[in-house]
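What follows is a short report on a single structure.
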Amino acid sequence: MHKTSAWPLALIYAALIVFASLFPFDGWREQGISPWVFFSARIPPPYWTWFDVNMNIAGYAPLGFLLALAGLRSGWPRAAVPLAALAGALLSLSMEYLQIFLPRRVPSNMDFALNATGALLGALVAALLERFGAIARWSRFRERWFVPHARGALVLLALWPWALLFPAALPFGLGQMWERLEAALIEALQDTPFLQWLPVREAPLEPLSPGAELMAVALGLLIPCLLGYCVMRHAGRRMAFALATAAVGVGVTALSSLLSYGPTHAWEWLTLPARMGVLVALGAALAMAAVPRRGCAALLLLALMLHLNLLNQAPTSAYFAQTLQAWEQGRFIRFYGLGQWLGWLWPYGALVYVVLRVSRRDGDS
């Protein structure tokens with residue numbers, strides 16, 4: 001048996017599926033019909049698209065893959081695939097069952113069948129990779145590149161590209177939520193004496209200057225590089241990791257822009273401050289490749305605090321939120337708010353991780 005990042009990733013992904021399936025969690029009521037009525041509906045339903053078919057399969061395939069991988073890594077070679085497929089099917093069945101109580105959601109037996117198929121296909125891919133030795137090669141790669149207790153950082157790094165899919169006001173600007181949080185608190189405390197307890201901002205938020213925007217972009221890209229450095233020792237591998245992180249970040253941001261605003265706008269986010277910010281982040285990451293892991297954790301803590309402070313001193317833009325509503329692909333990326341929540345919360349998860357990392361008294365090299 002081996003410790004594996006697949007278990008926490010599978011649990012996180014399952015929680016995200018629950019969130020996406022039941023969002024916005026309001027309007028629960030009896031419909032006056034059996035919750036199982038969707039089982040007897042015709043297949044295919046009157047309204048469906050190939051985009052829906054592909055996304056229902058693709059949405060559950062990672063869950064089946066991660067559950068099967070976790071089972072294989074935990075010493076369950078024969079039970080991993082059937083248990084992963086069964087777990088995915090049961091989760092989908094539960095979500096379809098609960099959706100009958102949400103007026104804004106429509107349960108579907110076709111969705112259930114496609115979700116179960118996706119979970120099975122993902123599990124089979126994991127078993128196929130295990131049979132051809134790909135998982136063993138990944139284990140050896142992980143042992144060479146990362147320290148033994150790297151699971152938390154690897155989970156966060158795996159979630160980072162997904163967090164970037166929801167368009168932010170600034171490239172790599174994850175965690176910009178204080179303005180929305182303030183508005184939500186004002187609405188919740190309206191007509192109560194507690195409203196006076198909230199600090200009042202005397203002046204409205206102003207957009208960042210080009211220099212501040214450059215710094216925010218640079219810090220946003222530098223943060224995952226430093227997070228990886230916290231669980232890596234070899235300077236050469238750190239440099240390769242930084243180059244790969246920059247490539248993934250730029251590519252995913254371009255993909256998000258392409259799917260949200262259209263192919264002609266895929267690179268409009270790459271303004272002069274953004275380009276300079278990417279170069280500054282990459283140069284700083286390469287220069288820090290020899291810093292000890294505990295030093296990298298301290299620098300990461302500082303970068304997170306500066307980045308969140310910069311972002312939350314600037315207003316958000318409503319343009320991309322309005323544009324996404326007109327795009328089917330954009331709605332998929334948002335996953336009914338799921339991508340946005342991941343983008344909001346990822347830096348704070350990294351902040352908790354690095355605080356725990358700095359407080360540990362393990363050796364460094």
Side-chain angles (χ1 to χ4, degrees), residues 1-22 57-95 115-163 165 224 227-228 230-232 241 248 335 338-339 341-343 345-357 360 362:
M1 296 181 62
H2 304 275
K3 290 184 177 181
T4 173
S5 302
W7 280 122
L9 281 172
L11 294 175
I12 291 172
Y13 196 84
L16 296 180
I17 286 177
V18 172
F19 184 94
S21 300
L22 303 181
I57 294 176
Y60 272 72
L63 178 65
F65 178 86
L66 290 169
L67 288 173
L69 178 59
L72 292 168
R73 294 291 295 158
S74 299
W76 308 337
R78 295 185 178 180
V81 170
L83 286 179
L86 178 62
L90 289 176
L91 179 61
S92 176
L93 181 62
S94 301
M95 296 301 99
N115 293 338
T117 300
L120 176 61
L121 290 176
L124 290 174
V125 168
L128 189 64
L129 292 176
E130 169 70 14
R131 182 168 184 177
F132 285 100
I135 296 177
R137 285 193 290 272
W138 158 250
S139 298
R140 291 192 295 269
F141 172 84
R142 174 176 169 173
E143 290 174 0
R144 289 196 311 269
W145 280 65
F146 302 102
V147 298
H149 304 290
R151 182 166 53 178
L154 292 178
V155 169
L156 286 167
L157 289 171
L159 292 175
W160 182 67
W162 296 96
L165 278 178
L227 180 60
C230 289
V231 291
M232 302 173 70
F241 173 79
V248 170
F335 224 35
L338 175 60
W341 277 98
L342 188 57
L345 298 179
W346 188 91
Y348 301 97
L351 189 62
V352 172
Y353 172 82
V354 72
V355 168
L356 295 176
R357 190 86 192 180
R360 288 178 56 184
D362 57 346

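This chain uses plain numbering: 1 for the first residue, then up along the sequence. The analysis underlying the following values was restricted to heavy atoms, covering all of them including side chains, and did not include hydrogens, waters or symmetry mates.
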With rounding to the nearest 0.5 angstrom, report the [atom1] to [atom2] distance, [X] to [Y].
X: Phe65; Y: Leu128; atom1: CZ; atom2: CG; result: 10.5 Å
X: Leu129; Y: Arg137; atom1: CG; atom2: CZ; result: 9.0 Å
X: Leu120; Y: Ile57; atom1: CG; atom2: CD1; result: 11.0 Å
X: Arg142; Y: Arg151; atom1: CZ; atom2: CZ; result: 7.5 Å
X: Leu90; Y: Leu83; atom1: CG; atom2: CG; result: 10.5 Å
X: Leu227; Y: Phe241; atom1: CG; atom2: CZ; result: 7.0 Å

Nearest heavy-atom pair of [X] and [Y]: which atoms, and what distance?
X: Leu72; Y: Ala126; result: CD1-O, 3.8 Å
X: Leu157; Y: Gly228; result: CD1-CA, 4.0 Å
X: Pro62; Y: Tyr13; result: CG-OH, 3.6 Å
X: Val248; Y: Pro161; result: CG1-CG, 4.0 Å
X: Trp7; Y: Ser74; result: NE1-OG, 2.8 Å
X: Ala68; Y: Ala80; result: O-CB, 3.6 Å

Please determine whether side-chain contact (heavy atoms from CB on, under 4.5 Å) holds for the pair Leu16 and Trp162, giving the CA-CA distance in whole Å, both sets of side-chain angles, and the decisive distance to 0.1 Å. CA-CA 11 Å; Leu16 296 180; Trp162 296 96; over 6 Å; no
Walk me through whether Phe19 and Leu342 qualify under side-chain contact (heavy atoms from CB on, under 4.5 Å). CA-CA 11 Å; Phe19 184 94; Leu342 188 57; over 6 Å; no
Counting heavy atoms not belonging to Arg78, are there more than 12 under 6.0 Å from its CZ? no
Stepwise side-chain contact (heavy atoms from CB on, under 4.5 Å) check, Val81 with Leu124: CA-CA 6 Å; Val81 170; Leu124 290 174; 3.9 Å; yes
Take Leu93 and Asn115 through the side-chain contact (heavy atoms from CB on, under 4.5 Å) test and state the conclusion after the steps. CA-CA 9 Å; Leu93 181 62; Asn115 293 338; over 6 Å; no
Tell me whether the rings of Trp160 and Trp346 are parallel (<30°), tilted (30 to 60°) or perpendicular (>60°). tilted
Pick out which of Ile17, Leu11, Leu9 makes a side-chain contact (heavy atoms from CB on, under 4.5 Å) with Leu63. Ile17
